[in-house]
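I have placed the structure first, in the form of structure tokens, so that the comments after it can refer back to it.
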Amino acid sequence: MAWRDVMCGELRAHDADRRVTVAGWTDTRRDHGGLVFVDLRDHTGKLQLVINPERSPAAAQIAHEIRNEFVLQATGEVTARAPEAINPELPTGQVEVQVDELRIVSRSTPLPFQLDEENVDETLRLRYRWLDMRTERMQRNLRLNHTAISAIRNVMDERGFVDVWTPSMTRGTPEGARDFLLPVRLQPGKFFALAQSPQLFKQLCMVGGIDRYYQIATCWRDEDLRADRQFEFRQLDLEMAFVEREDVLDVMEACVVGAFEAAGAEPPQRPFPHLSYADAMLRYGSDKPDLRFEMEIQEATEVTRDSEFGVFKNAACVRYLVVPRTFSRSEQTRLEEIAKEWGAKGLANLTQISKFLSERELAAFGVPEGSTALFVADEEPVVAHVLGLLRVHLARELDLIDAGRDVFHWILDFPLFEHSEEFGGWTFMHHPFTATVAGEEAQIEADPANVHGQHYDLIWNGWELGSGSIRIHEAEVQQAVFRVMGMNEDEQRDKFGFLLDALQMGPPPHGGFAMGIDRFIALLAREPDIRQVTAFPKIASGADPLTGAPTAYPDAALGELGIRLTDPQPE
Ligand code: ASP
């Protein structure tokens, strides 16, 4: 006999009089002294079983033993419920199954939490993830994951992309994070890095004539874990030969829209709006602005150049936010404290400083009645950073964000390099393989501060979904970038000799993109973090509460790898 012939969520009024066998988990059991009611559950829904001792004394006997989450199998007759017993909340609420045969297939120990309990501690949920997965939330999220990825694979298929597997164990890949290292028993003292992305392999696929590559690639980055970050994550990774930027953006937009449609959500309008990096930093103080609300940063540097107010006069940059609210003195003090934590020297409220300002300045600011202008004066990056954070902070606090809106947009025209405090020189903004805007190649070494890259980021409601670029396909240009980053010829050959060789053997022009799938699904599922859409995520400390990994290894095992710990093993 089959384990089941219908799913729990399938039966409707017209199924009355059918004989069925069902199997699933005990969602609830209600013992009415004689009659026992069980809500049997699987991922399709719930079904009410009625165990009546007059109908089946044997089943009634067994029913007393049932507890939540026991797995049951029942055979019986589908009957229409009496009108007063109909449950309009359940799709199967018009029927029930009168049980003739009942079997406890497997039992459960007492549960660490109930499936319908709210605010269960997350570490506990992850420790018993197999239980947590049975909740409607996790079922919905994991299935949405699958639906969206299938839709993306369909788009890739339709457009002739080829899924090519690339190695996880490789050399360090410069994506800006630390590598996870893998010791190698056969070569003690040497390490593979786990791929931070398949970046160079996908470029080599282009040199190899694959033309359109993609992969739902797992990547590893040793970074602090956050709402939108895990050590390992998946990205839709793609690369195309003989394309312009617009071709890549078009494919990515099709993937987003395809996933929305498959998920039954209203897809965003295409094409997604474009915003230059410079504009984004000026108007929103961020390279991933949330455009669901306005509250643009205003420029005041010119107007305050000769201000009587010394703080403005002496600052390289003065900008402000007009907030549609007034603040009490204590609220203002609190905002100022927050701004200082973000790096500002202060946060000036126009009403408090207006006596120092000229008519011309006041007229230029034009703040409507009931609003407040908040100023930051400092070096330009500090001003942008603080006002950008303040903009989002206040929008959340004042409830200015329309949570029902989805705004996708592209950030384009990034600088190729940024100054690195850490290295005391230039480092890449995206990664070192991004091409310059056409015609700016000669500037790479002559004027690194002002070269633009053909780099683009995709933003959804203030989350960076992913990045891509048109790549450098000429070895000399690639070497110029390496030189700006302070790499001499030997170092270039050592780390990237294979790439430089490939770029000298007929590389086609190419470009690509990578989108964080887990981030994308979390937003699609309206979840606050990627752990809620990941089957077995890690917690902030970097541990896996389920398996207890990471674990210590005995000295003998480490010895085989040529490793000796400097600190004693933790207990
Ligand atoms: N390799 C980049 C990343 O993983 C994406 C790309 O440039 O295609 O972020």
Side-chain angles (χ1 to χ4, degrees), residues 152 156 161-164 166-168 170-180 193-207 210-223 228-241 243-253 255-256 277 287-288 410-418 427-437 452-460 463-473 478 481 495-496 499 503 507-520 530:
I152 288 172
M156 294 286 98
F161 282 79
V162 180
D163 183 344
V164 179
T166 57
S168 312
T170 180
R171 293 185 73 109
T173 34
E175 294 283 359
R178 286 192 184 86
D179 289 322
F180 277 103
L194 288 178
Q196 289 190 31
S197 86
Q199 182 61 36
L200 290 176
F201 292 111
K202 67 177 172 176
Q203 290 191 233
L204 296 181
C205 285
M206 296 305 104
V207 184
I210 293 295
D211 226 70
R212 288 183 176 213
Y213 144 97
Y214 93 103
Q215 205 179 167
I216 305 292
T218 303
C219 305
W220 291 264
R221 296 186 190 180
D222 184 0
E223 294 177 297
D228 60 353
R229 248 189 222 160
Q230 284 275 307
F231 288 151
E232 47 187 329
F233 59 92
R234 288 172 309 164
Q235 57 186 31
L236 163 63
D237 195 56
L238 58 85
E239 198 73 13
M240 307 162 77
V243 288
E244 311 281 351
R245 176 180 86 183
E246 304 310 321
D247 301 305
V248 182
L249 305 193
D250 179 64
V251 172
M252 287 309 306
E253 291 187 6
C255 288
V256 168
Y277 172 83
D287 59 0
K288 44 177 190 294
W410 294 104
I411 302 281
L412 310 158
D413 305 326
F414 282 76
L416 192 62
F417 299 110
E418 64 183 336
T427 182
F428 48 86
M429 191 84 178
H430 179 211
H431 51 52
F433 317 111
T434 297
T436 66
V437 164
H452 295 91
Q454 291 198 58
H455 160 192
Y456 28 82
D457 277 1
L458 177 58
I459 315 296
W460 179 3
W463 281 37
E464 184 196 315
L465 283 183
S467 324
S469 59
I470 298 296
R471 326 295 186 188
I472 297 168
H473 71 279
Q478 186 62 70
V481 168
K495 287 192 174 146
F496 298 111
L499 174 70
L503 293 184
H510 58 283
F513 200 82
M515 175 173 86
I517 292 276
D518 316 292
R519 280 183 196 188
F520 180 69
I530 60 176

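Bear in mind that the values here come from a model prediction, so they are computed numbers and not experimental data. One-based numbering, in listed order, for ligands and for the atoms of each.
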- Identified side chain to side chain donor-acceptor pair (under 3.5 Å) counterpart of Gln203 within the set Arg471, His510, His473: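 Exactly one candidate clears the test, His510.
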- Query: Does Asp247 pair with Arg212 as a salt bridge, N-O distance under 4.0 Å?
  - Reply: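 Answer for the salt bridge query: no.
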- Message: Check the orientation of Phe414 and His455. Use parallel for under 30°, tilted for 30 to 60°, and perpendicular for over 60°.
- Response: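 If you compare the ring of Phe414 with that of His455, the planes turn out parallel.
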- Message: Would Met240 and Val248 count as a side chain to side chain contact (heavy atoms under 4.5 Å, CB included) here? Give the steps.
- Response: CA-CA 8 Å; Met240 307 162 77; Val248 182; 4.1 Å; yes
Check ligand 1 against the protein and report each N/O to N/O distance under 3.5 Å, formatted as atom name, atom name, distance.
{"from": "ligand 1", "atom 1": "1 (N)", "to": "Glu175", "atom 2": "OE2", "distance (Å)": "2.6"}
{"from": "ligand 1", "atom 1": "1 (N)", "to": "Ser197", "atom 2": "OG", "distance (Å)": "3.3"}
{"from": "ligand 1", "atom 1": "1 (N)", "to": "Gln199", "atom 2": "OE1", "distance (Å)": "2.6"}
{"from": "ligand 1", "atom 1": "4 (O)", "to": "Arg221", "atom 2": "NH2", "distance (Å)": "2.9"}
{"from": "ligand 1", "atom 1": "4 (O)", "to": "Gln235", "atom 2": "NE2", "distance (Å)": "3.1"}
{"from": "ligand 1", "atom 1": "7 (O)", "to": "Gln199", "atom 2": "OE1", "distance (Å)": "3.3"}
{"from": "ligand 1", "atom 1": "7 (O)", "to": "His430", "atom 2": "NE2", "distance (Å)": "3.3"}
{"from": "ligand 1", "atom 1": "7 (O)", "to": "His431", "atom 2": "NE2", "distance (Å)": "2.9"}
{"from": "ligand 1", "atom 1": "7 (O)", "to": "Arg471", "atom 2": "NH1", "distance (Å)": "2.7"}
{"from": "ligand 1", "atom 1": "7 (O)", "to": "Arg471", "atom 2": "NH2", "distance (Å)": "3.3"}
{"from": "ligand 1", "atom 1": "8 (O)", "to": "Gln199", "atom 2": "OE1", "distance (Å)": "3.4"}
{"from": "ligand 1", "atom 1": "8 (O)", "to": "Lys202", "atom 2": "NZ", "distance (Å)": "2.6"}
{"from": "ligand 1", "atom 1": "8 (O)", "to": "Arg471", "atom 2": "NH2", "distance (Å)": "2.7"}

- Under 3.5 Å, is there a donor-acceptor pair between the Gln235 and Ser197 side chains?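 The answer is no; no qualifying pair exists.
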- Message: If you define the side chain from C-beta out and look only at heavy atoms, does anything of Thr434 sit under 4.5 Å from Ile472?
- Response: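 No, too far: nothing below the 4.5 Å cut-off.
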